[in-house]
Asker: 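Sharing a structure with you now.
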Protein chains: 2
Amino acid sequence: MAQTAKKDEKQYQLYRDALNLFAEYGYKKTTVADVADRLGMTKGNIYFYVKNKKELYHRTIHWALTQWQDHVRSAVAGQTTAPDRFNAMAEAALGYIEGNKVFRRLLIRDPEIFTLDRDRDRFPEANRAARQIIRDILDQGIREGAFTVRDPEAATEYLFSIYMMFLIQTFVYLDKKDFRRIFASALALNLGGLSSPRPPKETSHDRCHVKGP
Amino acid sequence: MAQTAKKDEKQYQLYRDALNLFAEYGYKKTTVADVADRLGMTKGNIYFYVKNKKELYHRTIHWALTQWQDHVRSAVAGQTTAPDRFNAMAEAALGYIEGNKVFRRLLIRDPEIFTLDRDRDRFPEANRAARQIIRDILDQGIREGAFTVRDPEAATEYLFSIYMMFLIQTFVYLDKKDFRRIFASALALNLGGLSSPRPPKETSHDRCHVKGP
DNA sequence: AATTGAACAAATGACCTAAAAGTTCAATTT
DNA sequence: AAATTGAACTTTTAGGTCATTTGTTCAATT
């Protein structure tokens, strides 16, 4: 049941315009009539595209999350080794929002878009895909011998939580003060751990490859 | 201005009883008269000990946090090496709440006791002390050559956030499902990092001590 | 110093109502 | 047929009133 190209185009406009309005005024203060006005139609016609306001909101945000994820995936694809991909993923994921004012506003209006509570996750599909990006990099690293991970599933869950935590602290709570500095610490810790020894160089590649005692 | 021993004792009772009531009914549903009744006094007399209900609540929780921290500190003191202390701290901090039904109830009634948002932290003093516990272990580990940490202040902040995250996920959101499993992953990752090489043994001590290339 | 109890002040919840916003749909346009 | 309109309809919300509960004060008492 393929949609018409025209409907696809209209839907794109709908999500884009709705996103801007929801980001500016929040869910409650944005009326269906506001969205219709912005698109040059009447509010009744919105219901030709979505079944109600709630669905409009949800689809709009899901669409925004999807765009963001595509950006991350292409950044990851631009690297080859697992550690490089890990860094690229982290940088792309956080950097994208850093540079996206509309998305940041949206998060302030609706801080629960990102949550650490799986039961209250309103975008489980998008977040499953996000976990998969992490998981793929871990698996590659293990396969190629660059990473040592005992329980990849648990590690993925843990890393995803840290990623959520960073998003929430930085873009919801606006604790940006030392964002980059703590982010760097987090990357170093996740790649190398607390434990010595490690040469005091950052570039994460040339590492001691001696087997344990 | 030393208080009388009698007043100290009454204060202890006050906090203990108030804690139980707040945990059972929450802040709103617990009346000042309820607390007074439990202590066998009249509500007017509560105001001899605290200046208002809000202060009673805050002091009560602060007292509970302090007790918890004392427990963690003594668990840490029971170990000697930094990695052992790190593990002991993590286990004591999470384990204490795991076994404390009243505290867990309180968290469900008032989920914002723990927050990732420094601006909304109602117990900054207690949390500063908690960070200090982490920091002291990191410093010891660095001093003794067991840990390699480029920026201890940022690392402390990061580790404290992870600790908060675990508390929130496990005891506020009740995502206990894989708590222990992910907790183990987190400890392993923080001590050893993702990167190979590391012998496939868990006990975190006997590690490769060869200097980098 | 610690406690009481009555008096007073502030906060809450229930109820009401008018306005605003969400939703439907038969008719109309593209 | 797909897309759109606009009026009718339903649901939600914001604001106001009011009785009741709860929080707070304080002069008197132990």
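Here is how names work: the chains are called A, B, and so on, in the same order as the sequence lines, proteins then strands, and each is numbered from 1.
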Asker: Check Glu98(B) with Arg104(B), please: is the shortest side-chain N to carboxylate O separation under 4.0 Å?
Answerer: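 The answer is no: the pair does not qualify as a salt bridge.
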Asker: Closer than 4.0 Å, any side-chain N/O of Tyr49(B) to the OP1 or OP2 of dT3(C)?
Answerer: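 Checking dT3(C) against Tyr49(B), a side-chain N or O does come within under 4.0 Å of OP1 or OP2.
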Asker: For the side chain of Phe48(A), starting at C-beta, report the closest nucleotide among dA2(D), dG22(C), dG5(C).
Answerer: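 Nearest to the side-chain atoms of Phe48(A), counting from C-beta on, is dA2(D).
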Asker: Tell me the interatomic distance from Lys51(A), atom NZ, to dG22(C), atom C1', rounded to whole angstroms.
Answerer: 14 Å
Asker: Whole angstroms only, please: what is the CE-P distance between Met41(A) and dT23(C)?
Answerer: 16 Å
Asker: Just checking Lys43(B): base, sugar-phosphate only, or nothing, at a heavy-atom cut-off of under 4.0 Å?
Answerer: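 Counting heavy atoms under 4.0 Å across all strands, the contact made by Lys43(B) includes a base.
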Asker: Would you indicate which nucleotide in dG23(D), dT4(D), dG13(C) comes nearest to any side-chain atom of Lys28(B)?
Answerer: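 Of the candidates, dG13(C) comes closest.
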Asker: Do the side-chain N or O atoms of Lys10(A) get closer than 4.0 angstrom to the phosphate oxygens (OP1, OP2) of dT4(D)?
Answerer: yes
Asker: Under 3.5 Å, is there a donor-acceptor pair between the Asp34(B) and Tyr25(B) side chains?
Answerer: no
Asker: How is Lys54(B) classified with respect to the nucleic acid when contacts are heavy atoms under 4.0 Å: base, sugar-phosphate, or nothing?
Answerer: nothing
Asker: Flag the pair Arg122(A) and Glu112(A) as a salt bridge only when some basic side-chain nitrogen lies within less than 4.0 angstrom of an acidic carboxylate oxygen.
Answerer: no
Asker: If we call it a pair only when both distances are under 3.5 Å in a Watson-Crick or G-U wobble match, what pairs with dT30(D)?
Answerer: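 By the stated definition (distances under 3.5 Å), dA1(C) pairs with dT30(D).
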Asker: Side-chain N or O of Lys53(B) versus OP1/OP2 of dT25(D): is the shortest distance under 4.0 Å?
Answerer: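 No, outside the criterion.
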Asker: What is the distance, rounded to the nearest whole Å, between atom NZ of Lys29(A) and atom P of dG22(C)?
Answerer: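 So the NZ-P distance, Lys29(A) to dG22(C), works out to 12 Å.
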Asker: Cut-off 3.5 Å, side chains only: do Thr81(A) and Glu144(A) have a donor facing an acceptor?
Answerer: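 The criterion, which ignores hydrogens and geometry beyond distance, is not satisfied for Glu144(A) and Thr81(A).
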Asker: Check the distance between dT3(C)'s C1' and Gln11(B)'s CD and give it to me in whole angstrom.
Answerer: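 So the CD-C1' distance, Gln11(B) to dT3(C), works out to 16 Å.
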Asker: Could you tell me the separation between the CG atom of Asn52(A) and the P atom of dT23(C), rounded to a whole number of Å?
Answerer: 5 Å
Asker: Could you tell me if Tyr27(A) and Arg109(A) have a donor-acceptor pair between their side chains, going purely by distance under 3.5 Å?
Answerer: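 Result is no, nothing qualifies.
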Asker: Taking atom P of dT24(D) as reference, at what distance in whole Å does atom CG of Leu56(B) sit?
Answerer: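 Nearest whole value for this atom pair: 10 Å.
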Asker: Report the distance from atom OH of Tyr47(B) to atom P of dT24(D), rounded to the nearest whole Å.
Answerer: 3 Å
Asker: Could you state the CG-P distance from Asn45(B) to dT4(C), rounded to the nearest angstrom?
Answerer: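 About 6 Å, once rounded to whole Å.
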